[in-house]
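Written below as C-alpha cells is the structure these notes are about.
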Amino acid sequence: MKAAALAVLALTVTAAAPAWAEPEVERLYTQHCAACHGGDRLGAIGPALLPENLGRIKPGETETVIADGRAATQMEGFRDRLSEGQIKALAKYVMTPLPEVPAWGMAEIKASHLVVTDPASLPKAPPFKSDPLNLFTVVEGGDHHVSIVDGDRMAPLYRFQSRFALHGGAKYSPDGRFVYFASRDGWVSKVDMWTGKLMAEIRAGINTRNVAVSDDGRFLMVGNVLPHTLVALDAGDLTPLQVMPVAGDGKTSRVSAVYTAPPRHSFVVALRDLQEIWEIPYADDAGPVINGLAHSHEKGLEEGVSAQGRFQALRIRVPDFMDDFFFDPGYERVMGAARGGGKGLVVDLDLKRKVADLDLSGMPHLGSGIVFHKDGRMMMATPHLKEAVVSVIDMTTWETVKRIPTLGPGFFMRGHENTPYAWVDVSMGPEKDALQIIDTRTLEIVRTIRPVPGHLTRHVEFTRDGKRALVSLSEKDGAVLVMDADSFAEVKRLPMSAPIGKYNVWNKITYSSGTSH
Ligand code: DHE
C-alpha cells in the first residue's frame with residue numbers, strides 16, 4: 001500500500017473508531033512486518049512476534065521499538081510510515097496470543113529429517129591440492145547461498161543454496177571435514193567441505209538461535225527461541241536424540257545462544273528469560289559432573305529440569321540476564337552481559353557463582369571478543385553495539401584497562417596469533433565503510449582503512465597462517481576482499497552476494513584466540 005493511501009486509511013479508521021479493526025491491523029502487519037517476522041508471526045529473518053517470545057519487553061516498549069527500531073538488529077523504525085494509532089494497534093496485535101502455537105517436538109523434528117548423501121560415497125582424500133584446513137566457509141546473505149573458498153589459492157571451490165537466513169557462526173566437525181549451519185527458521189544442515197555435498201538436514205525448531213558441536217564431534221546442540229527448547233542431535237546424520245524443555249521457576253525461556261566448552265566437555269547455554277546459565281555435560285563419563293546434582297542445595301545450583309534422557313542441565317543462577325557470552329581460554333569463567341544492561345559480570349562455572357563485575361556499558365558484543373597477551377597479561381577486547389568504543393579487559397583482575405574510541409559502534413572484531421593487529425568494523429555507526437586496526441601491543445588504533453569508500457564492510461577472518469585478512473563487502477553486489485595482514489592493502493576480490501560471516505577451518509577447529517568459537 002502506498003504511503004498516501006495509508007494516511008487516508010489512518011484518518012478514516014481513527015475518525016471512525018479509536019481501536020484498529022482486526023482486518024486492518026492484520027493488513028498493516030502483512031505490509032510492514034511479515035517479510036521479516038513471518039506471515040504467521042512465527043519468525044523468519046526476524047524473531048517470532050508472540051507474547052511468549054517478547055517476555056522481557058516492558059509495557060510501552062513494543063510501541064517504541066516499532067516507532068524507532070531496535071539497536072543492533074535489522075529492525076528499522078516505522079515512525080515515518082505509520083501513525084501513532086497504527087503503531088499502537090500493531091503493538092497490541094503482536095502481544096495478542098495466537099489461537100495455537102504450532103507444536104515442534106520430537107515427532108515433528110523426526111518427520112523433517114532428511115539424509116541426503118551416503119558418507120560411504122565421499123572421497124577418502126581431498127579432490128583438490130590445497131590445504132583442506134585452510135578452507136573458508138562464506139555465508140552469503142544476499143541470495144541465501146554458501147561458498148566454500150580455497151584459502152591457499154583464494155578462489156571459490158563450491159557454491160550452493162543454503163536454507164533461508166543462516167545465522168550464527170558456521171561450526172565444524174573437530175577434523176574440519178564437515179560444516180554445520182543453523183538457519184533462523186530452525187533448519188540444521190551438514191555439508192561435506194571437500195565436495196560441497198549436503199549430507200543431511202533437519203528442522204530442529206521453528207525459530208532458532210544457533211548450533212554448537214561437541215568437542216568430540218559426536219553431538220550437536222541447537223538453541224531455539226520457538227519453541228523454548230534445546231535439541232540434541234547426533235552429529236553423524238543429524239538424528240534427533242533429545243528435546244530438552246527450557247524451563248525453570250514455573251516459566252519457560254528462549255535460548256539466547258549455546259556454546260561448546262571443550263575442556264569441560266559440556267554445552268553452556270545463555271538464556272533470554274531466566275537469570276541462569278545452563279551447563280549440559282556430554283562426555284560418557286560425565287558422572288561426576290552430573291552427580292553435581294547431588295549438591296543442588298548449594299547456593300546457586302539448581303537441579304536439572306530435564307530429568308529424562310542423556311543430556312541434563314545444571315542450572316547456575318546469576319544476578320542478571322546474560323544474553324551474550326565470552327569464555328576465558330580455560331572455559332572456567334564466562335563473561336556475560338545483558339542486552340541493554342549497564343555492566344557485565346563474570347561467572348565461575350566451577351564455583352557456580354558470580355566472581356566479578358565488569359565495567360561494560362554500551363551493549364558489548366561479547367560473542368565477537370578476542371583474547372591476546374600484552375606485557376605478559378591476558379587481555380580480552382570487545383566492540384560495543386551501541387557505543388563507539390572497544391573495551392580492553394584484563395582477564396586476571398577483570399578491570400577495564402582501556403576504552404579505545406572508534407569511529408562508531410562495531411559488530412565484529414578479529415585477531416590472529418601470527419599478527420599483532422586486531423581488526424574491528426564500525427558498521428553500527430554512520431561510517432559503515434571503515435575498518436579500524438588496533439595494535440594489541442600499544443592498544444592504539446594504528447590505521448583506519450576504507451576498502452570500498454561509501455560501502456558497508458564488516459566481519460574479518462584470517463587465513464590459517466594469519467597473513468591475509470578476509471573482509472566482507474556486505475552488499476547485494478558485494479565481495480570478499482582479501483587484504484594483506486601487514487600492509488592492510490587489498491590483494492584480491494571475490495564477488496559474492498552480501499557476504500556476512502566467514503569461517504576458516506583451522507582457526508575454528510583449533511579455537512584460535514582471535515576468532516569466535
Ligand atoms: Fe548475530 C553470531 C546474536 C544480529 C550476523 N549472533 C551471533 C551469535 C549470537 C548472535 C548469540 C553467536 C552464536 C554463534 O555464532 O553460534 N545477532 C545476535 C543478536 O542477538 C542480534 C543482535 C539480533 C538478532 O537479530 O538476532 C544479531 N547477527 C545479527 C545481524 O543483524 C547480522 C549482522 C546479520 C544476520 O545474519 O542476521 C548477524 N551473528 C552474525 C554472524 C555471526 C553471528 C555473521 C557469527 C560471527 C562469527 O564470526 O562467528
Side-chain angles (χ1 to χ4, degrees), residues 36-37 43-49 53 56 65 69-76 136-142 144 146 162-172 179-185 188 207-213 220-226 254-260 267-272 321-327 336-340 363-370 383-386 409-415 423-425 427-428 432 456-462 470-472 474-475 480 498-504 507-508 511-512 514-517:
C36 290
H37 297 283
I45 201 160
L49 295 180
N53 268 30
R56 268 167 68 190
V65 173
R70 197 169 184 74
T73 71
Q74 294 173 47
M75 175 69 191
E76 53 181 306
F136 286 80
T137 305
V138 182
V139 173
E140 297 182 58
H144 308 285
V146 167
S162 70
R163 286 283 169 180
F164 177 77
L166 301 183
H167 177 248
K171 304 291 160 62
Y172 294 110
V179 61
Y180 301 93
F181 304 101
S183 71
R184 289 204 188 246
D185 61 359
V188 175
N207 223 212
T208 289
R209 286 301 280 175
N210 74 326
V211 61
V213 185
L220 305 187
M221 190 62 84
V222 185
N224 289 323
V225 284
L226 194 71
R254 293 165 291 172
V255 172
S256 196
V258 52
Y259 298 101
T260 303
F267 296 113
V268 182
V269 187
L271 300 173
R272 272 279 158 89
F321 292 105
M322 289 174 86
D323 291 313
D324 208 0
F325 268 9
F326 190 83
F327 293 91
R339 283 281 146 83
M363 223 192 245
H365 195 212
L366 295 172
S368 237
I370 62 164
H384 294 247
L385 297 168
K386 265 192 174 168
F411 219 106
F412 300 109
M413 184 160 189
R414 274 293 196 277
W423 298 46
V424 64
D425 64 52
S427 61
M428 299 305 288
K432 297 187 189 317
L456 169 64
T457 46
R458 59 182 173 181
H459 197 277
V460 177
E461 174 70 310
F462 287 89
L470 276 60
V471 172
S472 290
S474 219
E475 298 189 344
V480 164
I500 315 173
K502 303 165 297 300
Y503 311 94
N504 177 273
N507 295 341
K508 291 287 272 190
Y511 298 94
S512 158
T515 197
S516 61
H517 298 160

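Both ligands and their constituent atoms are indexed starting at 1 by order of listing.
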Distance-only, no hydrogens or angles: does the [X] side chain make a donor-acceptor pair with backbone N or O of [Y] under 3.5 Å?
X: His365; Y: Pro383; answer: no
X: Lys386; Y: Pro409; answer: no
X: Thr208; Y: Asn210; answer: no
X: Tyr172; Y: Tyr503; answer: yes
X: His37; Y: Leu49; answer: no

Top protein contact for [atom], by heavy-atom distance:
atom: atom 49 (O) of ligand 1; result: Ser516 OG, 2.5 Å
atom: atom 3 (C) of ligand 1; result: Arg209 NH2, 3.0 Å
atom: atom 36 (O) of ligand 1; result: Ile500 CD1, 3.6 Å
atom: atom 15 (O) of ligand 1; result: Gly169 N, 2.7 Å
atom: atom 34 (C) of ligand 1; result: Gln74 NE2, 3.5 Å
atom: atom 23 (C) of ligand 1; result: Thr73 CG2, 3.7 Å
atom: atom 22 (C) of ligand 1; result: Ala72 O, 2.9 Å
atom: atom 16 (O) of ligand 1; result: Lys171 NZ, 2.5 Å

Between Tyr259, Phe411, Tyr503, which one has a non-hydrogen atom sitting closest to atom 44 (C) of ligand 1? Tyr503
Closest to atom 25 (O) of ligand 1 (judged by heavy-atom distance), picking from Lys508, Arg184, Met75: Arg184
For ligand 1, which atoms, with element, lie under 4.0 Å from some heavy atom of [X]?
X: His459; answer: 46 (C), 47 (C), 48 (O)
X: Gly501; answer: 44 (C)
X: Ala257; answer: 11 (C)

Return a yes/no value for Asp324: is any of its N or O atoms, backbone included, closer than 3.5 angstrom to an N or O of ligand 1? no
Looking only at distances, please establish whether an N/O atom of ligand 1 is found under 3.5 Å from an N/O atom of Asn210. yes
Location of contacts on Arg272 toward ligand 1, heavy atoms closer than 4.0 Å: side chain
Of the backbone atoms (N, CA, C, O) and the side-chain heavy atoms from C-beta on, which set of Arg414 has a member under 4.0 Å from an atom of ligand 1: side chain, backbone, both, or neither? side chain
Worked verdict on Val269 versus Tyr259 for side chain to side chain contact (heavy atoms under 4.5 Å, CB included): CA-CA 6 Å; Val269 187; Tyr259 298 101; over 6 Å; no
Passes side chain to side chain contact (heavy atoms under 4.5 Å, CB included), Leu470 versus Val460? Steps please. CA-CA 5 Å; Leu470 276 60; Val460 177; over 6 Å; no
Audit row: Thr515, Phe462, side chain to side chain contact (heavy atoms under 4.5 Å, CB included) steps and yes/no: CA-CA 9 Å; Thr515 197; Phe462 287 89; over 6 Å; no
Hey, are the side chains of Val258 and Arg209 touching, using non-hydrogen atoms and a 4.5 Å cut-off? no
Is there side-chain contact between Val138 and Pro499, with heavy atoms separated by less than 4.5 Å? yes
Let's go through Glu461 and Arg414 carefully: what are the C-alpha distance in whole Å and the side-chain angles of both, what is the deciding distance for side chain to side chain contact (heavy atoms under 4.5 Å, CB included) to 0.1 Å, and is it a yes or a no? CA-CA 6 Å; Glu461 174 70 310; Arg414 274 293 196 277; 3.1 Å; yes
His517 near ligand 1, heavy-atom distance under 4.0 Å? no
Can Arg458 be said to touch ligand 1, with heavy atoms closer than 4.0 Å? yes
Would you call the rings of His517 and Tyr511 parallel, tilted or perpendicular, taking 30° and 60° as the class edges? perpendicular
Criterion side chain to side chain donor-acceptor pair (under 3.5 Å) against Ser472, the qualifying member of His459, Arg458, Lys502: Lys502
Which residues satisfy the side chain to side chain donor-acceptor pair (under 3.5 Å) test with Ser427, sequence neighbours excluded? Asp425
Go through Arg163 and Asp185 one step at a time and tell me if the salt bridge (charged side-chain N to carboxylate O under 4.0 Å, His left out) criterion holds. CA-CA 8 Å; Arg163 286 283 169 180; Asp185 61 359; over 6 Å; no
Under 2.8 Å from atom 1 (Fe) of ligand 1, the protein N, O or S atoms found are His167 NE2
